[in-house]
There are 2 protein chains.
Amino acid sequence: MSKQPVSVLTSRPDERPSGAPLACCAPLAARALSTEEAVTVAPLFKALGDPVRLRLMSMIASSAEACVCDLTDAFDVSGPTISHHLKVLREAGLVDCERRGTWVYYWVRPQALESLGTLLGAAGGAAG
Amino acid sequence: MSKQPVSVLTSRPDERPSGAPLACCAPLAARALSTEEAVTVAPLFKALGDPVRLRLMSMIASSAEACVCDLTDAFDVSGPTISHHLKVLREAGLVDCERRGTWVYYWVRPQALESLGTLLGAAGGAAG
DNA sequence: CTCCTGTTTCGATGGATGTCTAATCAGTGG
DNA sequence: CCACTGATTAGACATCCATCGAAACAGGAG
């Protein structure tokens, strides 16, 4: 597959302000992502790519914080499975958690969702 | 260099039913997604959850349309692998394609990205 | 300390996924 | 017709992943 591409779509890596561990912030349609950028951002989408995790995320996001006990009750899967999915979301940087006594509470890290939203070109598109 | 002679000859569009239901549009932070909604939307995120596919998506989105030949050139993986990933994006309803003579061209279905953007944008904005 | 509950970790397993090569389909041109 | 190129499909294979039950960890109550 070695041929000279016309580079209709070969956009040069735009110099971006590095420093953000999470997604870069150029809208997807503005320019092509570099391999590095794609490798960085894809895991975030992947983390949201499971129905259970996506719903967990929405439940956590729709309130200030959510107790694992309540989250677990809302699904048909076992406790360990919920714990596993929460760990995936945590390691993706989408949520954070804290133990308070017996219970563990999760909340959304806004920066992450914001980055993805910007990437998808949602800047201002959100309507109530 | 120009390996894409602007083909004027247009064959019939590859009208294949990409029966992918697109995302509904409830902002993530506004309320918790139902199981059905999560099952509907998650595959879209999943489709973007692979670095190759995410970069393919960005390359297609950053220009009006993209030829498979150019897309293939931009990656280290084989042609069939690119074709496979494009199929995943197609079946997710994120892109559509058309054969024009020898080459096949892909473009973004804006509605899909818009839905995801709204979903995330509203969440990020509201939570921030 | 012991028991109980909530949460996470461990190990195993069936199914999904990304990748490849080889083969096939689609079009152009001799 | 046949040869050639571009793109997809088919089949195979190694790896990853969602899920479970059992066990371990964390904290409160008797």
Side-chain angles (χ1 to χ4, degrees), chain A residues 1-6 8 35 38-39 42-43 45-57 60 65-92 95-106, chain B residues 2-16 18 35 38-39 42-43 45-56 60 65-92 95-106:
Chain A
M1 246 142 272
S2 49
K3 54 180 168 253
Q4 302 288 338
V6 181
V8 174
T35 300
V39 168
F45 286 109
K46 191 174 187 177
L48 295 177
D50 180 272
V52 174
R53 283 198 295 269
L54 184 58
R55 202 149 83 90
L56 279 172
M57 194 69 189
I60 298 171
E65 58 185 18
C67 174
V68 173
C69 55
D70 290 329
L71 295 175
T72 303
D73 285 343
F75 293 85
D76 287 333
V77 300
S78 68
T81 296
I82 294 297
S83 193
H84 159 71
H85 285 306
L86 287 172
K87 185 179 183 180
V88 172
L89 291 174
R90 220 186 313 135
E91 292 181 340
V95 301
D96 207 348
C97 68
E98 179 186 60
R99 171 180 285 271
R100 288 205 287 276
T102 301
W103 295 277
V104 177
Y105 295 85
Y106 278 74
Chain B
S2 201
K3 63 178 298 300
Q4 293 182 66
V6 184
S7 300
V8 198
L9 46 117
T10 305
S11 356
R12 74 173 80 67
D14 180 9
E15 42 194 352
R16 167 207 46 79
S18 72
T35 301
V39 168
F45 285 110
K46 191 174 189 177
L48 296 177
D50 180 271
V52 174
R53 283 198 294 269
L54 183 59
R55 202 148 81 91
L56 279 172
I60 298 172
E65 58 185 18
C67 174
V68 173
C69 57
D70 289 328
L71 294 175
T72 303
D73 285 342
F75 293 84
D76 287 333
V77 300
S78 68
T81 296
I82 294 296
S83 193
H84 159 71
H85 285 305
L86 287 172
K87 185 179 184 181
V88 173
L89 291 175
R90 221 186 313 136
E91 293 180 339
V95 302
D96 206 346
C97 69
E98 178 186 61
R99 171 179 285 272
R100 288 204 288 275
T102 302
W103 294 276
V104 176
Y105 295 85
Y106 278 74

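Below, chains carry the letters A, B, ... as their sequence lines are ordered, and counting in each starts from 1. All of these numbers come straight from a predicted model, not from anything done at the bench.
- Here B:Tyr106 reaches the OP1 or OP2 of D:dT8: one of its side-chain N or O atoms lies under 4.0 Å away.
- Every residue meeting the side chain to side chain donor-acceptor pair (under 3.5 Å) condition with B:Thr35, not counting sequence neighbours, appears here in chain and number order: A:Arg55.
- As a whole-Å value, the separation of B:Tyr105 OH from D:dG6 P is 12 Å.
- Partners of A:Tyr106 under the side chain to side chain donor-acceptor pair (under 3.5 Å) rule, at least two apart in sequence or in another chain, are A:Arg90.
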Under-3.5 Å N/O pairs linking protein and nucleotides 14-21 of chain C:
| residue | atom | partner | partner atom | Å |
| --- | --- | --- | --- | --- |
| C:dT17 | OP1 | B:Lys46 | NZ | 2.7 |
| C:dG18 | OP1 | B:Arg53 | NH1 | 3.2 |
| C:dG18 | OP1 | B:Arg53 | NH2 | 2.8 |
| C:dG18 | OP2 | B:Arg53 | NH1 | 3.3 |
| C:dT19 | OP2 | B:His85 | NE2 | 2.3 |
| C:dC20 | OP2 | B:Ser78 | N | 2.8 |
| C:dC20 | OP2 | B:Ser78 | OG | 2.9 |
| C:dC20 | OP2 | B:Thr81 | OG1 | 2.8 |

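- Residues forming a salt bridge (Lys or Arg N to Asp or Glu O under 4.0 Å) with A:Glu65 (at least two apart in sequence, or on another chain): A:Arg100.
- Comparing B:Lys87 and A:Thr102 along DNA chain D, the residue whose closest nucleotide (by nearest heavy atom) sits nearer the 5' end is B:Lys87.
- Residues passing the side chain to side chain donor-acceptor pair (under 3.5 Å) test with A:His84, sequence neighbours excluded: none.
- Among residues two or more places apart in sequence or in another chain, the side chain to side chain donor-acceptor pair (under 3.5 Å) test is passed with B:Ser83 by none.
- When rounded to the nearest whole Å, the span between CH2 of B:Trp103 and C1' of C:dT28 equals 9 Å.
- As rounded to whole Å, 8 Å separates atom P of D:dT19 from atom CD1 of A:Ile82.
- Across the protein-nucleic acid pair, A:Phe75 atom CZ and D:dT19 atom C1' stand 14 Å apart, rounded to whole Å.
- Atoms CG (A:Leu71) and P (C:dT8) sit 10 Å apart, rounded to a whole Å.
- Listed pair B:Ser83 / D:dT8 meets the phosphate criterion, a side-chain N or O lying under 4.0 Å from OP1 or OP2.
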